[in-house]
Amino acid sequence: MFEIQKKDPSSGARTGIIRTDHGKINTPVFMPVGTAGTVKGVLQRDLKEEVKAGIILCNTYHLYLRPGTGILREAGGLHKFMNWDGALLTDSGGYQVFSLSDNRKLTEEGALFRSHIDGSAHTFTPESVVDIQRIIGADIIMAFDECTPYPCDYDYALRSMALTHGWLDRAVKRFNTTDELYSHRQVLFPIVQGSIYADLRKQSAEYIAEAGMPGNAIGGLSVGEPADLMYEMIEVVNAILPGEKPRYLMGVGTPVNILEAIDRGIDMFDCVIPTRNGRNGMLFTGEGIINIKNSKWANDFTVIDEKGPSDISRSYSKAYLRHLIISGEMLGAQIASLHNLAFYLWLVDEARTNIEKGEYRKWKNRMIVALAQRI
RNA sequence: GGGGAGAUACCAAAGUGGCCAACUGGGGCAGACUGUAAAUCUGCUGUCGAAUGACUUCGUAGGUUCGAAUCCUGCUCUCCCCA
C-alpha cells in the first residue's frame, strides 16, 4: 500500500506513495477535513482542480448521527453519496469522545454518549465503529480510541492508553472478520496515545506497531500542549513506528507544525485550521499569516497571494475578500477556505520537492521564518 | 395658526434625583481557533493613563439641590395630529 520514494539525508523526512483504489497519494500529504461529508464551503470539483487534494477526511461520529448509516448504505457508500472519487479517510469518533466529553461515559465495552443534535443516547464500541466505517466505505478507516485531553495526569493517561489498546485488539478482530461492502479495498490504521509521557508513548507505539496494520497514526497531540512537547512525542513514537509504513499525525496543524513533523518522519496530516480559521479571516501565505479582517487591508487592492498556488489566490484582492468576510458573505468563507487549502497542499508539495532534492532541512528552516510571521 | 410627543455616545435604544462614563443591540477595533457541536467565540470601544485614577459628557443657556442625563425656566431643533 505504501512505498517510500526518497529519504532526506539531512532529516527524518521522506516522500512516498500511498496506493488506494481511489487513486495514488503522494506523501507528505495534507488531507482537508470534511467532517460531515463536505469540506465546508468548498465544492468537490474545486477540491480536485483548485486545491489538488487527493484524499479528504470525514467523520464517523457525525455521519453516523446524520445522515445515518441507512442512507449511506442505500447511497452505496460515502464516495458515491458525496460525489467524491478521490480517496477518503474516516476518523473513528475518538476525537468527539474528547471534544464532546460532557455528553459521554467511557467503559471497557465502549463509549456511551448523547447526540449533540438531539440528546439521544448511543453507544460506540470498537466493533460498531468498524461496522459503521464499513458502511461509510472510506479507503482508510481509523480504530476507535480515546483522545486524551491536555493537561492529563499520568494515571489517567495510562488507563486511557490501556483502554485504547484493548479497543484496538477488538477493532482489528472485527476488521479481519468482516468484508468491504463496496468494490474497493479498505485498510485500518491504529492510533498511538499516551498523552505527553514519553514512556507511555513508547509503550503505545510498540503496541500499535505490533498490530501490523498497513499504516499507523499518532493521536492525542495538538490538544493544547506546547509545540515542543508535541515534537518530542513525535520523535519518541517515530523511533518505534515502522518506517516502511505511513505515519499519520492526527489533527495537525499549523504550517510550522507540519514542517516540523515532516522533518521527524510524519507522512500524513489533517487539520481544520485552513478551513475554520479561513472562515474566521485568517489567511496563510508564503509571506506570513494575514488577518484579513484587520483594517489595514481595507484598501489593499493587491491579490490575496500573488505567488499563490490557486487561481483563486491570484484573482481576488485583499480589500474585496476583507469586505466579503466582514460582511458575513458566504463567498468570503469560500474564497478563504479555498485559498488556505490550496496553500496547505502547495506547502506539502514543496516539502516533497525539497525532500527529493535532499535539501529539506535547509528549505524548512527558511520557510518557517516566513510562515510564522504575522503580516 | 392650535394641540401633542421628543432631543442620551458612531447608529439605534434603555435609564427619569445619588448604585451613571451611562443597560443592551448594531457598527468599529483587536484577539482566539490544531483527528470541526465553530460562517463561531472573547475582549475593548468619551479623553488621558500600563493601572489605581483624573478630567469632560446625555440638544442649548440658566436655575433648584449637599448631589442633575433625570426636577424647573427660556431658547433651538425634530416628529405627529388638527386647521
Side-chain angles (χ1 to χ4, degrees), chain A residues 30-42 55-63 65-66 88-104 113-119 129 133 138 140-150 164 189-193 216-227 229-230 248-258 260-261 266 268-284 289 291-298 322 324-337 340 344 374:
Chain A
F30 180 80
M31 306 180 281
V33 176
T35 306
T38 159
V39 175
K40 294 186 196 302
V42 183
I55 177 168
I56 63 173
L57 174 145
C58 296
N59 185 274
T60 302
Y61 167 88
H62 289 279
L63 291 168
L65 287 180
R66 223 167 29 191
L88 283 176
L89 179 150
T90 38
D91 180 31
S92 60
Y95 186 77
Q96 281 61 43
V97 168
F98 153 77
S99 66
L100 303 170
S101 57
D102 292 347
N103 295 319
R104 54 82 167 157
F113 62 89
R114 292 198 166 274
S115 159
H116 70 278
I117 299 164
D118 62 6
V129 167
Q133 291 184 99
I140 301 172
I141 73 175
M142 303 302 299
F144 191 50
D145 67 332
E146 185 195 3
C147 177
T148 48
Y150 178 83
T164 291
F189 282 17
I191 304 171
V192 174
Q193 289 292 340
N216 297 294
I218 306 173
L221 291 176
S222 66
V223 289
E225 78 285 0
L229 215 44
M230 169 167 78
Y248 164 29
L249 179 60
M250 305 185 76
V252 173
T254 66
V256 172
N257 290 161
I258 288 174
E260 292 292 8
I266 297 290
M268 303 167 68
F269 300 89
D270 78 280
C271 191
V272 303
I273 283 180
T275 43
R276 184 196 286 166
N277 291 28
R279 286 196 300 281
N280 294 331
M282 185 182 275
L283 301 178
F284 297 90
I289 297 166
N291 182 348
I292 199 68
K293 290 194 282 194
N294 288 172
S295 57
K296 65 202 259 198
W297 307 113
R322 174 175 194 272
L324 293 178
I325 298 238
I326 291 239
S327 308
E329 287 291 338
M330 294 191 280
L331 187 59
Q334 294 175 312
I335 291 173
S337 299
N340 279 347
Y344 264 64
R374 304 291 297 246

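Remember, predicted model here, so these are calculated numbers, not experimental data. Below, read A as the first sequence line, B as the second, and so on, with proteins coming before strands; counting in each chain starts at 1.
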K.L.:
Would you please name every residue forming a side-chain hydrogen bond (donor to acceptor under 3.5 Å, both in side chains) with A:Y344, sequence neighbours left out?
P.N.:
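A:Y344: no side-chain hydrogen bond (donor to acceptor under 3.5 Å, both in side chains) contacts found.
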
K.L.:
When the C1' atoms of B:A68 and B:G49 are considered, how many whole Å apart are they?
P.N.:
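B:A68 and B:G49 have their C1' atoms separated by 28 Å.
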
K.L.:
Can you tell me, in whole Å, how much space there is between the P of B:U65 and that of B:G15?
P.N.:
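Result for the P pair: 28 Å, nearest Å.
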
K.L.:
Quick one: are the ring centres of A:Y95 and A:H62 less than 6.0 Å apart?
P.N.:
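No, the ring of A:Y95 stays outside the 6.0 Å limit from the ring of A:H62, centre to centre.
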
K.L.:
Excluding sequence neighbours, so at least two apart, what forms salt bridge (charged side-chain N to carboxylate O under 4.0 Å, His left out) with A:E225?
P.N.:
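Checked A:E225 against salt bridge (charged side-chain N to carboxylate O under 4.0 Å, His left out); zero matches.
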
K.L.:
Report the C-alpha separation of A:V39 and A:T275 in whole Å, then their side-chain angles, then the decisive distance to 0.1 Å, and conclude whether the side chain to side chain contact (heavy atoms under 4.5 Å, CB included) test is met.
P.N.:
CA-CA 8 Å; A:V39 175; A:T275 43; 3.8 Å; yes

K.L.:
Please enumerate all residues that pass salt bridge (charged side-chain N to carboxylate O under 4.0 Å, His left out) together with A:R104, with sequence neighbours excluded.
P.N.:
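By the salt bridge (charged side-chain N to carboxylate O under 4.0 Å, His left out) rule, A:R104 matches A:E146.
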
K.L.:
Do the side-chain N or O atoms of A:N277 get closer than 4.0 angstrom to the phosphate oxygens (OP1, OP2) of B:A32?
P.N.:
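Result: no.
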
K.L.:
Write out a two-atom table: protein N or O, nucleotide N or O from nucleotides 36-38 of chain B, distance below 3.5 Å.
P.N.:
residue: B:U36; atom: OP1; partner: A:N59; partner atom: ND2; Å: 3.1
residue: B:U36; atom: OP1; partner: A:D91; partner atom: OD2; Å: 3.3
residue: B:U36; atom: OP1; partner: A:Q96; partner atom: NE2; Å: 3.4
residue: B:U36; atom: OP2; partner: A:T35; partner atom: OG1; Å: 3.1
residue: B:U36; atom: O4'; partner: A:R276; partner atom: NH2; Å: 3.1
residue: B:U36; atom: O3'; partner: A:H62; partner atom: NE2; Å: 3.4
residue: B:U36; atom: O3'; partner: A:Q96; partner atom: NE2; Å: 3.3
residue: B:U36; atom: O2; partner: A:R276; partner atom: NE; Å: 3.3
residue: B:U36; atom: O2; partner: A:R276; partner atom: NH2; Å: 3.4
residue: B:U36; atom: O2; partner: A:R279; partner atom: NH2; Å: 3.4
residue: B:U36; atom: N3; partner: A:R279; partner atom: NH2; Å: 3.3
residue: B:U36; atom: O4; partner: A:T275; partner atom: OG1; Å: 2.5
residue: B:A37; atom: OP2; partner: A:S99; partner atom: OG; Å: 2.7
residue: B:A37; atom: O5'; partner: A:H62; partner atom: NE2; Å: 3.1
residue: B:A37; atom: N6; partner: A:N103; partner atom: ND2; Å: 3.3
residue: B:A38; atom: O2'; partner: A:R279; partner atom: NH2; Å: 3.3
residue: B:A38; atom: N7; partner: A:R276; partner atom: NH1; Å: 3.4
residue: B:A38; atom: N7; partner: A:R276; partner atom: NH2; Å: 2.8

K.L.:
Using a cutoff of under 3.5 Å, can you pull out all pairs of nitrogen or oxygen atoms linking the protein to nucleotides 26-29 of chain B, with atom names and distances?
P.N.:
residue: B:C29; atom: OP1; partner: A:R322; partner atom: NH2; Å: 3.1

K.L.:
For the P atoms, the ones on B:C77 and on B:C10, what distance do you get once it is rounded to whole angstrom?
P.N.:
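It works out to 23 Å between them.
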
K.L.:
For B:A30 and B:A38, measure between their P atoms and round to the nearest Å.
P.N.:
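Those two atoms are separated by 27 Å.
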
K.L.:
Between B:G63 and B:C80, how far is it from one P atom to the other, in whole Å?
P.N.:
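That atom pair is separated by 36 Å.
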
K.L.:
Between B:G74 and B:C20, how far apart are the C1' atoms? Round to whole Å, please.
P.N.:
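After rounding to an integer number of Å, I get 27 Å for this pair.
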
K.L.:
With a 3.5 Å cut-off and sequence neighbours excluded, list the donor-acceptor pairs that the side chains of residues 248-258 of chain A form with protein atoms.
P.N.:
residue: A:Y248; atom: OH; partner: A:D270; partner atom: OD1; Å: 2.6
residue: A:T254; atom: OG1; partner: A:N257; partner atom: N; Å: 3.0
residue: A:T254; atom: OG1; partner: A:N257; partner atom: OD1; Å: 3.1
residue: A:T254; atom: OG1; partner: A:N257; partner atom: ND2; Å: 3.3
residue: A:N257; atom: OD1; partner: A:T254; partner atom: N; Å: 3.2
residue: A:N257; atom: ND2; partner: A:Y231; partner atom: OH; Å: 3.0

K.L.:
Look through every strand shown and name the nucleotide pairing with B:A37 as Watson-Crick or G-U wobble, where both distances are under 3.5 Å.
P.N.:
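Because no pair has both required distances under 3.5 Å, B:A37 counts as unpaired.
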
K.L.:
Dump the intermediate steps for side chain to side chain donor-acceptor pair (under 3.5 Å) on A:T90 and A:Q133, then the final yes or no.
P.N.:
CA-CA 7 Å; A:T90 38; A:Q133 291 184 99; 2.8 Å; yes

K.L.:
Taking the nucleotide of RNA chain B with the nearest heavy atom to each, does A:G253 or A:G328 sit closer to the 5' end?
P.N.:
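Final value for this comparison: A:G253.
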
K.L.:
Work out how far the P atom of B:U16 is from that of B:C29, and round it to whole angstrom.
P.N.:
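It works out to 34 Å between them.
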
K.L.:
In Watson-Crick or G-U wobble terms, both distances under 3.5 Å, what is the partner of B:U60?
P.N.:
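Paired with B:G74.
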
K.L.:
Between B:G17 and B:U40, how far is it from one C1' atom to the other, in whole Å?
P.N.:
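It comes out at 44 Å once rounded to the nearest Å.
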
